[in-house]
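Accompanying notes for the structure given below.
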There are 2 protein chains.
Amino acid sequence: MISNDLLKGTLRTIVLKLLKENSRLYGYEITQKVEELSGGEIKLTFGALYPVLHKLEAEGYVVTEKEHNGKRVRIYYSLTPEGVSWAQSLVDEFEDFVLTMRLILQPLPAQ
Amino acid sequence: MISNDLLKGTLRTIVLKLLKENSRLYGYEITQKVEELSGGEIKLTFGALYPVLHKLEAEGYVVTEKEHNGKRVRIYYSLTPEGVSWAQSLVDEFEDFVLTMRLILQPLPAQ
DNA sequence: GCATTATGTATAATAAACTTATATATTTGT
DNA sequence: ACAAATATATAAGTTTATTATACATAATGC
């Protein structure tokens, strides 16, 4: 399992990227996808996920649609155009972050 | 500049790794090294650094020695054996984290 | 039939971590 | 003299995630 400390700050990145790849997902599905894609290394908790989803909605990055199958209500989340471009920004930002971290964590032998 | 959100949780990793490479450093020197190594992309604030250093000391990962040159007091921090091995663990953990994040952020085209 | 597991959304209290603001003081360059 | 750089440190506030909890349905095993 990946340390929670490292995961902090990547929740939005993960959620937005998954929504970008999948057009629409519901909350529970997001937790499943994350666990599946990460090979069980990352497990989102609902207490962390839903506040983020609600905030993303309030900020205009995602929109929701309710769907009833049987008596069960499912809330699907999908990206707005702003959400799509922010998703890409956050993924790019993550890669920059990794490159920068490596400057510190892997100093060149010749240095 | 790297997003603060991403940086959260990596402070300990950065500090311990720098101390591992440098045998001993004082607080101000750590902020300088981080800025220098990261090409200005990462700037530690003292409000974040000192609490971490104090906590690492309290937990037995670093020890301090005061040095007086003139009237100025410098507090040097260096790793204990536990600190050395934890530094390596955190660096390894960071690389695992990156690999896992990429499983989510860069799904294979064939997938 | 009953219990358990899986599915599903959500909030509240708490804890951890960092940011921002602030305080204090010395040294160096101009 | 004055400003900028050097140096350590704390306090208040904010953000963010964890843990615990609540509620409810559907499917599966026994």
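The chains referred to below are lettered A, B, ... by the order of the sequence lines, with proteins before strands, and numbering in each begins at 1. Heavy-atom basis, side chains included; hydrogens, waters and symmetry copies ignored.
- Rounded to an integer number of Å, the gap from CG of L53(B) to P of dT10(D) is 11 Å.
- Counting heavy atoms from C-beta on, the side chains of L6(B) and F94(A) come closer than 4.5 Å.
- Rounding to the nearest 0.5 Å gives a distance of 4.5 Å between NZ of K43(B) and CD of E35(B).
- Inter-residue side-chain proximity for K17(B) and L90(B) is flagged as unmet; no heavy-atom pair is nearer than 4.5 Å.
- One finds no side-chain N or O of H54(A) lying less than 4.0 angstrom from the OP1 or OP2 phosphate oxygen of dT9(C).
- Side chains of I75(B) and Y26(B) form no contact here, defined as non-hydrogen atoms less than 4.5 Å apart.
- Looking only at side-chain heavy atoms (C-beta outward), Y77(A) and R24(A) stay at 4.5 Å or farther from each other.
- In the set dA7(D), dT9(C), dA9(D), the nucleotide with an atom closest to the side chain of R74(A) is dT9(C).
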Strictly under 3.5 Å: I want the nitrogen or oxygen pairs between protein and nucleotides 15-19 of chain C, one per line.
residue : atom : partner : partner atom : Å
dA17(C) : OP2  : K55(B)  : NZ           : 3.1
dC18(C) : OP1  : G9(B)   : N            : 3.2
dT19(C) : OP1  : N4(B)   : OD1          : 3.3

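- To the nearest angstrom, P of dT18(D) lies 11 Å from CD1 of I42(A).
- Proximity of S78(A) to L19(A): side-chain heavy atoms (C-beta onward) are nowhere separated by under 4.5 Å.
- Taking atom CG on L25(A) and atom P on dT7(C), their separation rounds to 15 Å, with Å as the unit.
- Using a 4.0 Å heavy-atom cutoff across all strands shown, F46(B) reaches at least one base atom of the nucleic acid.
- Looking only at distances, a side-chain donor or acceptor of T80(A) sits under 3.5 Å from a matching main-chain atom of Y61(A).
- We find that NE2 of H68(A) is positioned 16 Å from P of dA24(D), with the value rounded to whole Å.
- At the heavy-atom level, Q32(A) lies under 4.0 Å from the strands shown only through sugar-phosphate atoms.
- Spacing between atom CG of L44(B) and atom P of dT20(C) amounts to 14 Å, rounded to whole angstrom units.
- Closest to the Y50(B) side chain, of the nucleotides dT6(D), dA9(D), dT7(C), is dA9(D).
- Summarising the geometry, the separation between CD on E35(B) and P on dA7(D) is reported as 14 Å, rounded to the nearest angstrom.
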Reading nucleotides 24-30 of chain C 5' to 3', which nucleotides get B (base under 4.0 Å from a protein heavy atom), which S (sugar-phosphate only), which -? --BS---
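- Going from atom OG1 of T31(A) over to atom CD1 of I42(A) covers 12.5 Å, rounded to the nearest 0.5 Å.
- Although no hydrogens or angles enter the test, the distance criterion places no donor-acceptor pair under 3.5 Å between the side chain of T10(A) and the main chain of T13(A).
- dT6(D) atom P lies 18 Å from atom CD1 of I75(B), rounded to whole Å.
- You'll find that the side chain of Y28(A) is closest to dG8(C), out of dA9(D), dA7(D), dG8(C).
- The distance from atom CD of E67(B) to atom P of dT6(D) is 18 Å, rounded to the nearest whole Å.
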